[in-house]
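Working notes, structure below.
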Amino acid sequence: MAEKLTHPERYTITAALPYTNGPIHIGHLAGVYVPADIYARYLRLNGNDVAFVCGSDEHGVAISMKAKKEGITPKEVIDKYDGIIRKSFQEFGITFDNYSRTSREIHHKTASDFFVKLYEQGDFIEETTAQLYDEEAKQFLADRFVVGTCPKCGHEEAYGDQCENCGSTLNATDLINPKSTITGTVPTTKETKHWFLPLDRYEDFLKEWILVGHKSDWKPNVYGQCKSWIDDGLKPRAVTRDLDWGIPVPVEGGEGKVLYVWFDAPIGYISSTKEWAEREGKDWEPYWKDENTKLVHFIGKDNIVFHCIIFPAILKAHGDYILPENVPANEFLNLEGNKLSTSKNWAVWLHEYLEEFPDMQDVLRYTLTANAPETKDNDFTWKDFQARNNNELVAILGNFINRVVVLTNKYYEGIVPTPSEFSQVDKETLEQLRKFPEIISSSIERYRFREAGQELMNLARLGNKYLADEEPWKVIKQDEERVKTIMFVALQIATGLSVLSEPFLPFTSEKLKNILAINSEEAVSSWAEVSTKETLLPADHKINKAELLFRKIEDSEIQAQLDKLEATKKANENENKELMPQKDTITFDDFTKLDMRVGTIVEAEKMPKAKKLLVLKVDTGLDTRTIVSGIAESFTPEEIVGKKVTVLINLAPRALRGVESEGMILMTENADGKLVFVNPDEDGVGNGEGIS
RNA sequence: GGCGAGGUAGCUCAGCUGGUUAGAGCGUCGGAUUCAUAACCCGGAGGCCGAGGGUUCAAGUCCCUCUCUCGCUACCA
């Protein structure tokens, strides 16, 4: 059912909207922006009509929370990061046709209209529930913003969704004496209405469209992930929520509510396209509504369901829109063996890289392309970065260009010589050169950017080999005419490289074109011309003096980066995690209600069919009882038998996965997030001993 | 626990519908060369294709079991 567009009239390329709670790092680049930019540049070079759009994603609860924590407004948070991100993309050479923001008027309007359209078409389900409302903060309280007394066990610190004491699942409205954690006031109960997108209605459509239609052209990781979701059964998903930061719900009953980010963010692509079209005096609609438009979303694997299931369902619901033809999602990039983490500062930040390695954008682009996590998670190491630069960019590409340019200047004062007769090798070499556009295209169009980059390098290799085989520096002593032909051929290769390198290494391409002085019309300009044009760089054309395309990267520079990461690691170890603020005061009586005892684990086994649960038999002195504890990811059953632990024994029993748990083992967490027993270390403390 | 993706030379990866001695780049070792950022060019070594079973004349490629990594999901902090 998904007909492939072999010759689209235009392309709409989107790159995942960066969330403005932090700057851009190499993971974002390798996964999304570098491949998307290569693709967009490639398409433009081939004369295609391309809209490459992106923008900052600035709504959602994470930004709202971050602002609250830092005591600033959400607007201040987003302005800060939008500024950093926007600037770094621009300096890095990501050629968005438009980079918008979801906080802009145009997006609010686009997303609102979209919502209203679906609303009017009856594409949403409405559901009214009673929820707690904070009069002072003037907002409905999400479950975790409410505490109160648990109706089941009397625990006074139960959260709106669950009581930590007895483990019961609660409704916030059932809490006795509820209190808002935002203002501390007593909330009132109000009816609130929310809208849901019934994804289940689109199940058949999605099955047909993805499982049948895109079985062979979508990447396995993307297809598999979609299949998993669809097979699991799709459920209605809330489109609106009670929050004050976001796009207001534009229909009756929507006061104090906003659209969920998952709904508004992808519409940001559309808003961004509109903004671009307005500025350029174009019509945006064909880019989203014409069947001859090829829509491609570049994203990371975290975004697969949103772009392959949910957003298409929304577009389908609307009715006027085209669907993505492909969603080439990448996996994740790690850094020196550890997951990238914005909060732990474990990253190579783009804006810092740009400062520390000025004018070396292409080195990072190349390394990230070569190491792109296309089929599985991959690791970025500084050592590899150095090696890629020194052994490939410098030694293969940079060196080839340098030898050609130096020789041309040395023998002919920079004038491209007139060839005489081409030898068999010359012809074959030129023939191979002409094949490269096709070879590289084929890789790019299958989203195999790693492979495409390798092929580009192979062209430089071809050049090096040609020179090594023909040895103009020797031939010059016997046959000057022959050398003219050799250098002419070598210059054609160099010129081909200047064009074909553009999507991958735009700054280098630019530099190379300057060295070869090919700003004029006489030389090649487009991708296809590298194959079709008889002469890429004509005789008598004057080129400039040699200039190094890449410089070597010294060990000391790499060491400096490694030291920087090491310092981050140390800082993370020393720095306390964000600590919870102190809870409300309790009385001594409250405390004495807790009966905590020293106990010993006498048996332990895994709870079947559960990942985190261990079933323990604990000797509490009074008895030996069963306690189910969610610690299986930190301990094996064998290693904890005989362990002394602290047990809360008068906790109301609760059945977990059918096993009655009578009490709770007290745990804490170390810096790595591993659970640790709160245990009486001293010898001679017996089971059943009270803790006070 | 369920589901998905991945596990191929020291490193990063390619191997389509099963078919000759499993490929590439980088690294490594040796050779050759000097136009070039000691770079280029040529050659060699290096692989129980995660483990174990099975199907087949033939399996990295298909089936089953197990295992490790990553993710989603359930249950759980």
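In what follows, every chain begins at residue 1, and chains take the letters A, B, ... in the order their sequences are listed.
The A:R403 side chain lies nearest to B:rC40 when the options are B:rC40, B:rA5, B:rA14. Picking from B:rC41, B:rC13, B:rU37 the nucleotide with the shortest atom distance to the side chain of A:L548 gives B:rU37. Comparing B:rC13, B:rC41, B:rA36 by their nearest atom to the side chain of A:N399 picks out B:rA36. The side chain of A:N464 lies closest to B:rC41 when the candidates are B:rC76, B:rC41, B:rU37. Checking B:rC75, B:rA39, B:rC40 against every side-chain atom of A:K552, the shortest atom distance belongs to B:rA39. Among the nucleotides B:rG1, B:rU37, B:rA36, the one closest to any side-chain atom of A:V394 is B:rU37. Nearest to the side-chain atoms of A:V406 among the listed nucleotides B:rC75, B:rA14, B:rC35 stands B:rC35. In this structure, the nucleotide among B:rC42, B:rU12, B:rU73 sitting nearest to the side chain of A:D232 is B:rU73. Among the nucleotides B:rC40, B:rU33, B:rC76, the one closest to any side-chain atom of A:W473 is B:rU33. Side chain of A:K611, nearest nucleotide from B:rC72, B:rU37, B:rG6: B:rC72.
Pair check for B:rG4 finds B:rC70; Watson-Crick or G-U wobble, both atom distances under 3.5 Å. With a 3.5 Å ceiling on both atom-pair distances, B:rA32 lacks any Watson-Crick or G-U wobble partner. The partner of B:rU37 cannot be assigned: no Watson-Crick or G-U wobble pair with both contacts below 3.5 Å exists in any strand. When both distances must be under 3.5 Å, the Watson-Crick or G-U wobble mate of B:rG60 does not exist. B:rG25: Watson-Crick or G-U partner is B:rC11, with both key distances under 3.5 Å. Base-pair partner of B:rG47: not found among the strands shown (Watson-Crick or G-U wobble, both distances under 3.5 Å).
Using C1' as the reference atom, B:rA45 and B:rG30 are 10 Å apart when rounded to the nearest Å. Comparing the C1' positions of B:rU28 and B:rC11 gives a spacing of 12 Å, expressed to the nearest Å. For B:rA5 and B:rG19, the C1' atoms lie 28 Å apart once the distance is rounded to whole Å.
Shown are A:L206, A:I210, A:V305; of these, the side-chain contact (heavy atoms from CB on, under 4.5 Å) with A:C226 is made only by A:I210. Put simply, the residue from A:S423, A:P419, A:S420 that forms a side-chain contact (heavy atoms from CB on, under 4.5 Å) with A:R482 is A:S423.
Residue contacts shown for A:N391 are limited to sugar-phosphate atoms, with no base heavy atom under 4.0 Å away.
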**Q.** From CA spacing to verdict: ring pair (Phe, Tyr, Trp, His ring centres under 6.0 Å), A:Y366, A:F504
**A.** CA-CA 7 Å; A:Y366 181 75; A:F504 309 91; 8.7 Å; no
Q.
Using side chain to side chain contact (heavy atoms under 4.5 Å, CB included), reason through A:T626 and A:E660 one step at a time and then give a plain yes or no.
A. CA-CA 7 Å; A:T626 303; A:E660 183 97 336; over 6 Å; no
(Q) ring pair (Phe, Tyr, Trp, His ring centres under 6.0 Å) for A:F357 and A:F385? Distances and angles first, verdict last. (A) CA-CA 12 Å; A:F357 293 93; A:F385 170 82; 5.7 Å; yes
Q) side chain to side chain contact (heavy atoms under 4.5 Å, CB included) between A:H28 and A:Y33: does it pass, once the steps are laid out? A) CA-CA 7 Å; A:H28 303 125; A:Y33 305 105; 3.6 Å; yes
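Mapped onto RNA chain B by nearest heavy atom, A:R388 and A:W229 fall at different nucleotides, with A:R388 at the one closer to the 5' end. Judged by closest nucleotide on RNA chain B, A:Q225 is the one of A:Q225 and A:K301 placed further toward the 5' end.
Listed pair A:K339 / B:rG71 meets the phosphate criterion, a side-chain N or O lying under 4.0 Å from OP1 or OP2.
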